[in-house]
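Comments concern the structure below.
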Amino acid sequence: MPTSTFFRLPEEKRERLMDAAWAEFTSTSFTDASINRIIHSARIPRGSFYQYFQDKEDLFWHLLGEIRQYFFGVFEEVLRETRGDLFPFPVHVFDRFMDPTGSTDPILKRCIQIMQLNPGFDFRNLLLRGGELMTVPLLKMVDLSGFRRKDPAFVNHICILLVAALAYAVMETTQDPEQWKRQREILEERIEIVKWGGLFPEGKGGPAEQGGHTC
């Protein structure tokens, strides 16, 4: 975490350092990233850097924390838009992050660049804490009226499945922007599967009850 000295910096100087750090970590891997290049670009002395951050890793995870904070801010806004309904949530987020013209949300773009440059890193903590996705404030926003279980663990399972489908659609569209419409359709199909399940309830309309055959 940054020191209190960092947060007392003039805004212009803080932004200059953060811009330099983003430029470095989105153009080279964490291993090859250079504090020297960052401080040269930010025009600050090396000694000053260590008054703000312990080391390169401290700065790196601070940037990822900013990404996490941004994502959860978007999630909160979208949950307000959907009035707590989780199932339209992934498509709304997809539309916020991706554009039919091929444009990508700039913060998401930074996140993807960092992940692509560091394939060996474990980025699960970017969204998950203790295996859970939804924070307590977000959980309180979810409309649980139609859920067959209302405990936080169950809601988190649903959220993780929905966000996994969202992440796949985002990555595929990032690789090929012409896939935007198709990936959005696939995302909607996968949301329906998560919402309703993949099988008929036993004794309620399955193949045997409809005169069909099981495998």
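We're numbering straight along the sequence, starting at 1.
Other residues, nucleotides and ligands contribute more than 12 heavy atoms inside 6.0 Å of the NZ atom of K150. Open room surrounds CD on Q69; 12 or fewer heavy atoms of other groups in view lie less than 6.0 Å from it.
In this structure, Y168 is not a member of the same hydrophobic cluster as F94, with clusters built from ILVMFWY side-chain heavy atoms closer than 4.5 Å. The hydrophobic cluster containing I107 also contains M171, counting ILVMFWY residues as joined when their side-chain heavy atoms lie under 4.5 angstrom apart, directly or transitively. In the hydrophobic cluster analysis, where Ile, Leu, Val, Met, Phe, Trp and Tyr join through side-chain heavy atoms closer than 4.5 angstrom, L86 is grouped together with L127.
A side-chain donor-acceptor contact under 3.5 Å links T3 to the backbone of Q51. Side chain of D58 to main chain of M1: a donor-acceptor pair is present (N/O by atom type, distance under 3.5 Å, no hydrogens or angles). Of the possible polar contacts, none joining the N118 side chain to the S29 backbone as a donor-acceptor pair under 3.5 Å is found.
With no hydrogens or angles considered, no side-chain donor-acceptor pair links N36 and S34 at under 3.5 Å.
Taking the ring centre of Y50 as origin, the terminal cationic atom of R46 falls outside the region bounded by 6.0 Å and 45° from the ring axis. Geometrically, R110 does not engage Y70 in a cation-pi contact defined by less than 6.0 Å to the ring centre and at most 45° from the axis.
Between F6 and H62, the two ring planes are perpendicular [angle over 60°; tilted spans 30° to 60°]. Ring-plane geometry between F121 and F60 is classed as perpendicular, the angle between the planes exceeding 60 degrees on a 0 to 90 degree scale with a lower cut at 30.
Screening I191, L161, V194 for a side-chain contact (heavy atoms from CB on, under 4.5 Å) with P90, the sole residue that qualifies is I191.
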* Stepwise side chain to side chain contact (heavy atoms under 4.5 Å, CB included) check, M18 with E66 -> CA-CA 11 Å; M18 289 298 95; E66 287 193 348; 4.2 Å; yes
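Taking the six-membered ring for Trp and the full ring otherwise, F97 and F71 have centroids separated by under 6.0 Å. The distance between the ring centers of F72 and F75 falls below 6.0 angstrom.
Comment: E24 does not engage K56 in a salt bridge, judged by the lack of any side-chain N to carboxylate O separation of less than 4.0 angstrom. Between R182 and E185 there is a salt bridge, with a side-chain nitrogen of the basic residue lying less than 4.0 Å from a carboxylate oxygen of the acidic one.
The side-chain contact (heavy atoms from CB on, under 4.5 Å) search around P88 returns T82, D85, H92, not counting sequence neighbours.
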